[in-house]
Amino acid sequence: MLSWISKKTPQKNKSMSGDQNSNNLHIGITINDNPNTYPLGLNSKSRTLPKTSLPDLDAVVEFQKRRISEDSSKTHIFGKENSQTVPLLAGFSITRNEYSSVSQGRHSLSRNFSSSSKDTVVNDSVIEAKNGTTKAVENQSGSPALSNQKQSKKKFSSERTYSSDEEKIQMEKLSSFSAWKKLLKFAKKEYKLLGGAVGLLLISSSVTMSVPFFMGRLMDMVTNPEATIPFGLSLNQLFGGLASVFAIGALANFGRVYYIRKAGESLISRLRTQVYTNIIKQDMTFFEINRTGDLVSRLTVDTTVVSRSITNNVSDGLRSIVSVTAGLSMMLYISPKLTLVMMLVVPPIAGYAIVYGRFIKKITHKTQSALGDITKEAEERLANIRIVQAFGREEEEAVSFKKASDHVYELGKREAFVSGLFYGSNGLLGNLSILLFLGVGGKMVMQNQISIGELTSFILYTAYVGSSLAGLSTFFSESMRGIGASSRLFYALERVPKIPYDSEFGIKFGPKERGGVGECMGNIKFENVSFNYPSRPDNEIFKGLNMDIPSGTHVAIAGPSGKGKSTITLLLLRFYELNSGKITIDGHNLTDLNLKSWRSNVAIVPQEPMLFATTIRKNLLYSNPNATDEDLHYVLSKANALGFVSNFPNGLDTFVGERGVSLSGGQKQRIAIARALLSNPAVLILDEATSALDSQSEQSVQLALDHLMSRNYEEIENNTDTNESQSTIKTNENFKFRPNCTIITIAHRPSTLEKSDVIFVIGDEGNIVESGNYHTLLSKPDGYFKNLMNSREV
Ligand SMILES: Nc1ncnc2c1ncn2[C@@H]1O[C@H](COP(=O)(O)OP(=O)(O)OP(=O)(O)O)[C@@H](O)[C@H]1O
């Protein structure tokens, strides 16, 4: 459509960053798509971009299927040092980071449109971006590009949207037809199996549909002594022949069912895997919106419902279509007059089936969501069973669960009532039709218009067609059920992480020969960082936070509770995006780094160490699957954990229970430290690693931490936990930590704070109020840190 523009980068003599004099950027938008896929807020008028405007543009962004397909360079658009966000069109702006990923064609922008109004009309989309606002640039024909400047200013403010309604918004756009199209497209890999099943279905249905015909002929032969058997066959031969045909039909039916089931299982497995793969790459906001149990329910229940709807259900539906078509044709062949009578009863049944199907679609979506609620409630409570029992809340929990379960029951009851009504009345209509045919047909037999055999065949066909029509309505309602469940799956399947997870994108650390920029040194800088959690836009945690953490230093972060100490570690791991400012690692903007590569250089010991329900060995190997047993022993000894692990009868193969429940808090913490060390990180984050421990456990963990921080690793051999006998297993002297490992500790204890090179103190305004070493900070009369230490609020 407009590909002429998309392939070119505008050649300009002006500065790369736009109009040098005016601080403005001129950005053209083109849409190379069909109108159905226009991003919200754009319409067909938006796509005419005059060719002559090209030289005046800093950049051209072309959309294809809601993605940026081609564009000019990033520096073009984000040439301004401080421009983190560039508004493109009314209701749509793009951040530096989003741009990086979308420009590689991997990141859908649809979410950015959710807040824009549908009635925005943008003609000839040449937009001038200036200081975060947009202004229309007159196009060639002189008409303003943007009709309502005020309106657009307002819309740009919603750039960082957080909405628990995002699924609803996305799914409202999904019609039943497009859901079906998507599902069928998804089942591409099963086409062969489904095709085979359809072939076999035609054979088995042909056999089935020939039965009434043969029955009628046999009836005539038996009741009329003058009738002859075709092809000069004996009666026995005829029966034998028919039995063989039926056997072929049975074989075909077996193959059909087998192929369909196989296709169904393969589809469920693929669907489940892909949904899980996409869920696990989502950003933290997604997990704040969607609770675990609901996600698990999508993975298990919804995948099954959806898969059945396009395998078993399609097969049954096709069989019904074949039966109805063949049956009606045979009925027309036997008696057009009787067929006409039958046609009187078909339309009401069909209309009824459609209404019923729509009801089923709606109620299925509700039921699946309610099931998701039950699952998430049960999952959460069972995972925290100690808390439930410790507070004696078993009965209340049971009541609450019953309430959720009753809701599902109520929905099921409604469905059952409507289904009963539907099938009951359908059956009645069927039986009444047969009575009708018997009356009209009986008269026709008496008038010799048709034989008894033909009437028998006709009535049998009526029964077949009737049951197939019922089958068709089931097909319709089941399809709707599948679509209801599929909308929940598509959300989980298609949601694009707001923080792009792409194994190819971005700067990677590692050897230059392999495309890396060298080893990560762990030089960290926070520059003017402002941040609020997406769910709490009004609570700005950081306002212009600056921190410089040189490679190899050990810094501590201190500050009153709730002021953002842990948040710093989350931002460092890029679990959330900044409002403004930047974080750099070895001079590279965090948003330009390959996420996986960067995170593999960081290890964290969180406030609450989470272990998986498996052995100690597997928990340790999680951070470094290639580590040898010697390595494991080595890091365990460094984390002051080798003693107690060796004392377990199964040693490294000791099962730690759900979330490590069969270890003490201190033991869990030390395993978590060992796991972090095993990845040999460039940056080690210790988030209040001793906060949840009793004093003795704290002492053991602290010992491990102290040695890490002092980097005098050998000390630990002479100074291990006195309560636990040291293992006789030799530790690995080859496994050495990086000498320049940067350690960031969120610290409470004076002993930890004292060992750090620098302490950054976060103040009430979300910035660093003091920094320096422990003694310097304490020596400041009336210093913030000093007061904090005195009030023990660190
Ligand atoms: N996921 C989240 N969504 C919204 N707000 C959050 C989220 N996590 C933390 N917060 C809020 O952000 C603020 C900073 O939290 P953070 O955990 O970083 O504080 P902290 O300094 O580490 O506190 P503490 O010393 O008590 O652990 C708090 O007000 C907290 O309520």
Side-chain angles (χ1 to χ4, degrees), residues 554 569 602-624 627 629-681 684-729 731-732 735 737 741 743-749 751-752 755:
H554 165 216
T569 67
V602 187
I604 182 162
V605 181
Q607 246 174 31
E608 273 181 50
M610 279 298 155
L611 299 184
F612 295 111
T614 178
T615 60
I616 293 176
R617 179 195 306 281
K618 285 189 181 158
N619 267 296
L620 291 174
L621 289 175
Y622 197 74
S623 71
N624 180 359
D629 269 14
E630 277 190 322
D631 297 336
L632 301 190
H633 292 136
Y634 188 69
V635 290
L636 281 171
S637 79
K638 297 306 169 207
N640 203 14
L642 190 57
F644 77 82
V645 172
S646 312
N647 280 345
F648 288 144
N650 292 329
L652 277 171
D653 294 314
T654 304
F655 188 71
V656 301
E658 190 85 16
R659 296 167 190 234
V661 75
S662 44
L663 297 183
S664 76
Q667 288 170 336
K668 260 196 286 188
Q669 196 75 270
R670 283 178 278 167
I671 298 287
I673 293 172
R675 178 175 61 185
L677 294 181
L678 195 64
S679 67
N680 205 1
L684 177 63
I685 300 170
L686 305 163
D687 189 352
E688 302 188 272
T690 60
S691 60
L693 307 179
D694 60 49
S695 60
Q696 195 170 337
S697 310
E698 185 178 342
Q699 222 179 339
S700 310
V701 175
Q702 198 58 46
L703 197 62
L705 296 179
D706 288 352
H707 287 110
L708 286 179
M709 288 165 202
S710 64
R711 299 209 176 73
N712 187 359
Y713 301 130
E714 303 318 314
E715 254 182 60
I716 202 159
E717 258 87 68
N718 311 321
N719 208 357
T720 45
D721 192 338
T722 44
N723 293 329
E724 293 167 358
S725 68
Q726 183 58 290
S727 149
T728 50
I729 302 167
T731 56
N732 181 10
F735 191 94
F737 302 111
C741 174
I743 302 178
I744 301 173
T745 315
I746 291 166
H748 283 263
R749 286 167 49 102
S751 67
T752 313
K755 285 196 180 73

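Here CD1 of Ile685 is found 11.5 Å from CD1 of Ile743. Values are rounded to the nearest 0.5 Å. In this structure, Leu677 CG and Leu632 CG are separated by 12.0 Å, a value rounded to the nearest 0.5 Å. To the nearest 0.5 Å, atom NE2 of residue His633 and atom CG of residue Leu620 are 9.5 Å apart. In this structure, Leu611 CG and Asn619 CG are separated by 4.5 Å, a value rounded to the nearest 0.5 Å.
The two residues Lys755 and His554 come nearest to each other via the heavy atoms O-ND1, 3.4 Å. What you find for Ile673 and Ala639 is that their closest heavy atoms are CG2-CB, 3.8 Å. Taking every heavy atom of both residues into account, Leu684 and Ala676 meet most closely at CD1-CB, 3.8 Å.
Here the side chains of Ile671 and Phe644 are in contact, with some heavy-atom distance below 4.5 Å. Here the side chains of Leu663 and Phe648 are in contact, with some heavy-atom distance below 4.5 Å.
Looking at Arg670, its side chain does come within 3.5 Å of a backbone N or O of Asn640 through a donor-acceptor pair.
Partners of Phe612 according to the ring pair (Phe, Tyr, Trp, His ring centres under 6.0 Å) rule, which considers only residues two or more places apart in sequence or in another chain, are Tyr622. In this structure, the side-chain contact (heavy atoms from CB on, under 4.5 Å) partners of Ala672, at least two apart in sequence or on a different chain, are Val605, Pro609, Arg675. Under the side-chain contact (heavy atoms from CB on, under 4.5 Å) criterion, Phe655 pairs with Ala613, not counting sequence neighbours.
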* **Audit row: Val645, Thr654, side-chain contact (heavy atoms from CB on, under 4.5 Å) steps and yes/no** => CA-CA 8 Å; Val645 172; Thr654 304; 5.9 Å; no

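If you run side-chain contact (heavy atoms from CB on, under 4.5 Å) between Leu652 and each of Leu636, Leu621, Thr615, only Leu636 comes through.
The list of salt bridge (Lys or Arg N to Asp or Glu O under 4.0 Å) pairs with a residue in residues 644-654, not counting sequence neighbours, reads Arg617-Asp653.
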